[in-house]
Amino acid sequence: MALHIYNTLTRRKEPFESVHPDRIGVYFCGPTVYGDAHVGHAKAYITADIVNRYLRFRFPDKKVTYVQNITDVGHMTDNDDVSGEDKLEVQSRKERKHPMEVAEYYTRRYFEDMDALNITRPDISPRATGHIIEQIEIIKELLTKGYAYEVNGNVYFDVAQDKDYGKLSGRKAEEQESSGRVEERSDKRSPQDFALWKRAEKGHLLQWPSPWGMGFPGWHIECSAMSMKYLGESFDIHGAGLENSFPHNECEIAQSECATGKKPFVKYWMHNNMVTTGGVKMGKSLGNSAYLRDLYQQYDPLSLRFTILQSHYRSTTEFTEEAIAAADAGYQKLLSSYHRLLQASMGLPVTGLEESNSLVREFIASMDDDFNTAKAIATLYDLSTETNSALTQQDKGRYATLRSTWNVLAGNILGILPRAASTQSDLTEKMDSAMHLLIRQRKAARDRRDFAASDAIRNELDAAGIVLEDTKEGTTWRLK
RNA sequence: GGCGCCGUAGCCAAGUGGUAAGGCAGAGCUCUGCAAAAGCUCCAUUCCCCGGUUCAAGUCCGGGCGGCGCCUCCA
C-alpha cells in the first residue's frame with residue numbers, strides 16, 4: 001500500500017511519488033490578513049497540517065518543506081478591474097492604521113489562532129509584499145513570451161494564448177457567462193483575461209514602481225512567485241480551499257507554466273471542502289461564520305480540531321453546536337483513556353512504534369487512502385478499548401508500547417493530544433505525589449465510613465477541576 | 001447558462017461491486033457507600049425515489065426529486 005492522494009487535476013486518487021527523490025515541496029494558499037481567522041481557515045490549515053505531518057511520518061528520509069503565504073497586499077472587494085477597493089486599505093481606514101500595520105496585527109493573531117489548534121507553523125511564511133520583485137520578473141517573462149499585454153499601466157494575462165487554460169477546473173472560456181455584471185470600461189481584450197499588474201490610482205497606499213509605472217500586483221501572481229521561489233518551478237503538492245480552484249489556482253497554473261515553460265507547475269492539486277452550518281457554507285461574506293477566537297471561549301481548540309478531523313477533508317464539515325458537543329464527548333473519552341495510561345506508565349522508557357500491530361496498520365492504511373482521518377480516528381477508539389483493558393488487567397508489559405502508539409498516531413500524526421500531556425513534565429510528577437497525599441486522606445475517611453469527609457475532598461477537587469475516580473486498583477486522578 | 005459536489009439511523013460521519021466502520025445521544029446489565037470511569041449487550045433487512053447492468057449495487061449506468069459550491073473577494 002502506498003499513499004494515495006486525490007488530485008483535482010485528474011479527478012482521481014493517484015499514488016504519491018515525489019518529484020524529487022529526496023525532498024517534497026508543499027504549498028497551501030494562505031490567508032489575506034485583514035481580519036481574524038474563522039472556522040473555514042481552521043479546516044483548510046488543519047488539512048494542510050495533516051498533509052505535512054503525515055508526509056513527514058511516511059517519508060522520514062525526505063525533506064518536507066511547507067510554504068504558506070501571507071497575503072498582505074489587498075485584493076479587490078469587487079472585480080479585478082477598475083472598480084472595487086483594496087480590502088486591506090478598507091480595513092486600514094476603518095482602524096486608522098497603515099495597511100502594513102493592519103497586516104502585521106492580523107498576521108500575529110492568525111498565528112496565535114493556528115497555534116491553539118496545534119497546527120505546525122509553515123517552514124516559510126513568505127509575505128506577498130516582500131516578493132514584488134519576483135512577481136514583476138514573472139510578468140516581464142510573460143510579456144516577452146507573448147502571453148501578456150500591457151494597456152495603460154495595467155498588464156493582463158492573455159488567456160487566448162494558453163491552450164491549457166481551464167485544465168484544472170474543466171472550464172472553457174467561451175462557455176463562461178459574463179457573471180451578470182457589466183464590464184465597465186475594461187482594458188482587457190477578453191473578459192476572461194486576468195490582471196497581472198494593476199496601475200495604482202492616486203491615494204492608493206500600497207504601490208510599487210514597475211516597468212509599467214506605479215502599481216501593485218494582481219491577485220494570482222503572488223502565489224506563483226512565492227511557491228516557485230522556494231519550492232522550484234515544478235513541485236509536489238499545492239492545496240487550497242475548494243473555492244480557490246477557479247479562478248485563482250487555474251490562473252496560477254496558466255501564468256506559472258507559461259512563464260517557465262515547465263509542466264507541470266504542480267503535480268498534485270488538493271482542495272479541501274467547506275465548513276457548513278445548517279447545510280450552508282460558512283463564509284465571511286455570508287455573515288454566518290464564526291471567528292476562532294470567539295469559539296475558543298466556549299470550546300477547547302483541540303476539540304474543534306478533532307471535530308474537523310472527524311469528517312474527510314474533501315467532504316463538508318457540518319459545524320453546529322450539537323455536532324461539536326457530540327465530537328467533544330467522544331474526544332474526551334479518548335483523552336481520558338490516554339491520560340490514565342500516561343499516569344500508569346510514568347517513568348517507563350520510550351519505545352518505538354509497533355508497526356506490525358494490526359491497529360497501527362489499519363490506521364496507516366486509512367491515512368494512506370487520501371488522508372482519511374475520519375476512518376483513522378475510528379481505529380483510535382479501538383486503541384482506547386485496548387488501553388482500558390490493559391489498564392484494568394494491570395498488563396504493565398503493554399504500557400510502554402501503547403503509550404508510544406498514542407503518541408505517534410494521535411499525537412504526532414493527528415495532533416490531537418494536548419502538548420503538555422504528551423511529555424511527562426516534572427510538574428506532573430510533583431502534582432502526582434501531592435494528589436496521592438489527598439487520595440490517602442480520603443481513603444482514611446472512607447475506611448472509617450466518614451463519607452461526608454471523603455465526599456468533601458472529592459467535591460472540592462472537582463470544583464478545582466480535578467476529578468477523582470475510584471477503581472478496583474485504587475483511586476486515580478485526572479484533570480477535567 | 002457553464003463547471004462540479006452531495007443526499008447513509010435522532011445528530012455527526014466512513015464506506016475500494018460481495019452483503020451497512022466509528023462517535024454522540026438512547027436502553028439494559030456488571031462493578032460501586034454514592035458518584036465517575038470502565039466492561040458487556042441492544043440500537044439502519046437498509047443507504048432520497050424510479051428504472052437498468054450484474055450471480056451480487058449504498059457503491060456502476062440512465063432518469064427524476066431535493067440540497068450545496070464555484071463561475072465576483074472568500075479557506
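A note on names: the letters A, B, ... follow the listed sequences, proteins ahead of strands, and every chain is numbered from 1. It should be emphasised that the depicted structure is a prediction, and the values quoted were computed from it without experimental measurement.
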Which whole number of Å gives the distance between the [atom1] atom of [N] and that of [M]?
N	M	atom1	result
B:G28	B:G17	P	42 Å
B:C6	B:G58	C1'	14 Å
B:A21	B:U16	C1'	14 Å
B:U8	B:A13	P	9 Å
B:U30	B:C48	P	40 Å
B:U32	B:A25	P	25 Å
B:G66	B:A27	P	38 Å
B:G7	B:A44	C1'	16 Å

Measure from [atom1] on [X] to [atom2] on [N] and round the result to the nearest Å.
X	N	atom1	atom2	answer
A:Arg305	B:A75	CZ	C1'	16 Å
A:Asp113	B:A75	CG	P	13 Å
A:Phe306	B:C12	CZ	P	16 Å
A:Leu168	B:C3	CG	P	15 Å
A:Phe246	B:A75	CZ	P	18 Å
A:Asn272	B:A75	CG	C1'	6 Å
A:Leu334	B:C12	CG	P	20 Å
A:Lys281	B:C68	NZ	P	14 Å

For [X], answer base if it contacts any base atom (sugar-phosphate contacts may also be present), sugar-phosphate if it contacts only those atoms, and nothing otherwise; contact means non-hydrogen atoms under 4.0 Å.
X	result
A:Gly40	base
A:Ala329	sugar-phosphate
A:Glu243	base
A:Tyr331	nothing
A:Val275	base
A:Glu469	base
A:Leu468	base
A:Thr316	sugar-phosphate
A:Asn273	base

Under 4.0 Å between a side-chain nitrogen and a carboxylate oxygen: does that hold for [X] and [Y]?
X	Y	result
A:Glu112	A:Arg293	yes
A:Glu469	A:Arg340	no
A:Asp447	A:Lys443	yes
A:Asp162	A:Lys167	no
A:Asp36	A:Arg109	yes

* A:Glu318: which of A:Thr276, A:Thr307, A:Thr277 passes side chain to side chain donor-acceptor pair (under 3.5 Å) -> A:Thr276

* Only one of A:Asn272, A:Asn273, A:Thr47, A:Asp370 forms a side chain to side chain donor-acceptor pair (under 3.5 Å) with A:Tyr313, so which one is it? -> A:Asp370

If we call it a pair only when both distances are under 3.5 Å in a Watson-Crick or G-U wobble match, what pairs with [N]?
N	result
B:U53	none
B:G1	B:C71
B:C43	none
B:G10	B:C24

Nearest to the side chain of [X], which nucleotide is it out of [options]?
X	options	answer
A:Asn244	B:A14, B:A75, B:G4	B:A75
A:Arg478	B:A75, B:A13, B:A36	B:A36
A:Ala378	B:C70, B:G22, B:A13	B:G22
A:His38	B:A14, B:G4, B:A75	B:A75
A:Ala44	B:A75, B:C70, B:G15	B:A75

Close N or O pairs between protein and nucleotides 38-40 of chain B (under 3.5 Å):
{"residue": "B:A38", "atom": "O3'", "partner": "A:Asn388", "partner atom": "ND2", "Å": "3.3"}
{"residue": "B:G39", "atom": "OP1", "partner": "A:Asn388", "partner atom": "ND2", "Å": "3.4"}

Going by the side chain to side chain contact (heavy atoms under 4.5 Å, CB included) test, name the single residue among [options] that passes it with [X].
X	options	value
A:Arg305	A:Leu414, A:Asp300, A:Ile119	A:Ile119
A:Ser256	A:Pro264, A:Ser224, A:Cys251, A:Ser227	A:Ser224
A:Tyr27	A:Asp236, A:Leu231, A:Ile237	A:Leu231
A:Met100	A:Leu205, A:Asp72, A:Val73	A:Asp72

* Would you mind telling me which residue lines up with the more 5' stretch of RNA chain B, A:His248 or A:Ser311, judged by nearest nucleotide? => A:Ser311

* Name the residue closer to the 5' end of RNA chain B, choosing between A:Ile377 and A:Thr317 according to the nucleotide with the nearest heavy atom. => A:Thr317

What N/O pairs connect the protein and nucleotides 31-33 of chain B at under 3.5 Å? Give each pair on its own line.
{"residue": "B:G33", "atom": "N7", "partner": "A:Arg446", "partner atom": "NH2", "Å": "3.3"}
{"residue": "B:G33", "atom": "O6", "partner": "A:Arg446", "partner atom": "NE", "Å": "3.3"}
{"residue": "B:G33", "atom": "N1", "partner": "A:Asp455", "partner atom": "OD1", "Å": "3.2"}
{"residue": "B:G33", "atom": "N2", "partner": "A:Asp455", "partner atom": "OD2", "Å": "2.9"}

* Does the side chain of A:His220 come within less than 4.5 Å of A:Phe157's, by heavy atoms? -> no

* **Polar pair under 3.5 Å, donor/acceptor by atom type, side chain A:Arg171, base B:C70** =>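 Pair found.
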
* To do: Show your reasoning for whether salt bridge (Lys or Arg N to Asp or Glu O under 4.0 Å) applies to A:Glu89 and A:Arg93.
  => CA-CA 6 Å; A:Glu89 294 209 352; A:Arg93 210 180 314 117; 5.9 Å; no

